[in-house]
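Presented below is the structure to which this report refers.
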Amino acid sequence: MAVQNGKDLLIKLDLGEGQFETIAGLRASRISFNAETVDVTSLESEGRWRELLGGAGVRSAAISGAGVFRDQATDARARQIFFDGEVPDFQVVIPDFGIVQGPFAITAVDYAGTHDGEATFELSMASAGALRFVAI
């Protein structure tokens with residue numbers, strides 16, 4: 001696989017009726033996948049090595065993004081999702097890999113700015129259900 005352009009990792013939100021649009025103004029985006037482990041180690045564990053129960057535990061994903069405030073439809077929709085406590089579908093496009101889609105809750109929205117710079121924002125999201133993956 002060739003080196004990928006970071007700007008091609010896109011976070012898209014559902015504007016309604018399955019229409020996804022990239023969140024405006026993003027400069028950086030990230031998705032991480034996590035899985036909790038279930039430790040089943042006992043006195044009988046060979047060599048006192050830890051044993052984990054395969055296929056058990058809770059899986060989750062987290063999305064974050066940061067960028068410049070543009071006050072477009074996607075900015076307004078993200079604010080609405082946060083303040084209304086909605087859990088809509090988001091998509092993350094991972095270049096030359098695939099698209100991850102599913103429900104996410106926006107857990108944090110930060111706005112910042114300095115007197116001699118642009119207004120910026122940061123979003124943090126946590127998965128809120130089963131995720132689907134489609135290879136590109």
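- Among residues two or more places apart in sequence or in another chain, the salt bridge (Lys or Arg N to Asp or Glu O under 4.0 Å) test is passed with Glu118 by Arg27.
- For Thr22, there are no side-chain hydrogen bond (donor to acceptor under 3.5 Å, both in side chains) partners, not counting sequence neighbours.
- Taking the salt bridge (Lys or Arg N to Asp or Glu O under 4.0 Å) definition, one finds that Arg132 meets it with Asp89, sequence neighbours left out.
- In terms of the ring-ring contact (aromatic ring centres under 6.0 Å, His included) criterion, Phe82 has no residue partners (sequence neighbours excluded).
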Would you give me the side-chain donor-acceptor pairs under 3.5 Å for residues 47-67, sequence neighbours excluded?
from  : atom 1 : to    : atom 2 : distance (Å)
Glu51 : OE2    : Ser45 : OG     : 2.5

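- With sequence neighbours left out, Glu21 forms a salt bridge (Lys or Arg N to Asp or Glu O under 4.0 Å) with no residue at all.
- For residues 99-109, no residue pair satisfies the salt bridge (Lys or Arg N to Asp or Glu O under 4.0 Å) rule, not counting sequence neighbours.
- Looking at residues two or more places apart in sequence or on another chain, you find a ring-ring contact (aromatic ring centres under 6.0 Å, His included) between Tyr111 and Phe69.
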Only distances under 3.5 Å count here; give the side-chain donor-acceptor pairs of residues 7-18 to other protein atoms, sequence neighbours excluded, each with its distance to 0.1 Å.
from  : atom 1 : to    : atom 2 : distance (Å)
Asp14 : OD1    : Gly16 : N      : 2.8
Asp14 : OD1    : Gly18 : N      : 3.4

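- Residues forming a side-chain hydrogen bond (donor to acceptor under 3.5 Å, both in side chains) with Asn5 (at least two apart in sequence, or on another chain): none.
- Val134 belongs to no hydrophobic cluster with other residues, because no ILVMFWY side-chain heavy atom falls under 4.5 Å from its own, directly or through intermediates.
- Considering only residues two or more places apart in sequence or on other chains, Arg30 meets the side-chain hydrogen bond (donor to acceptor under 3.5 Å, both in side chains) condition with none of them.
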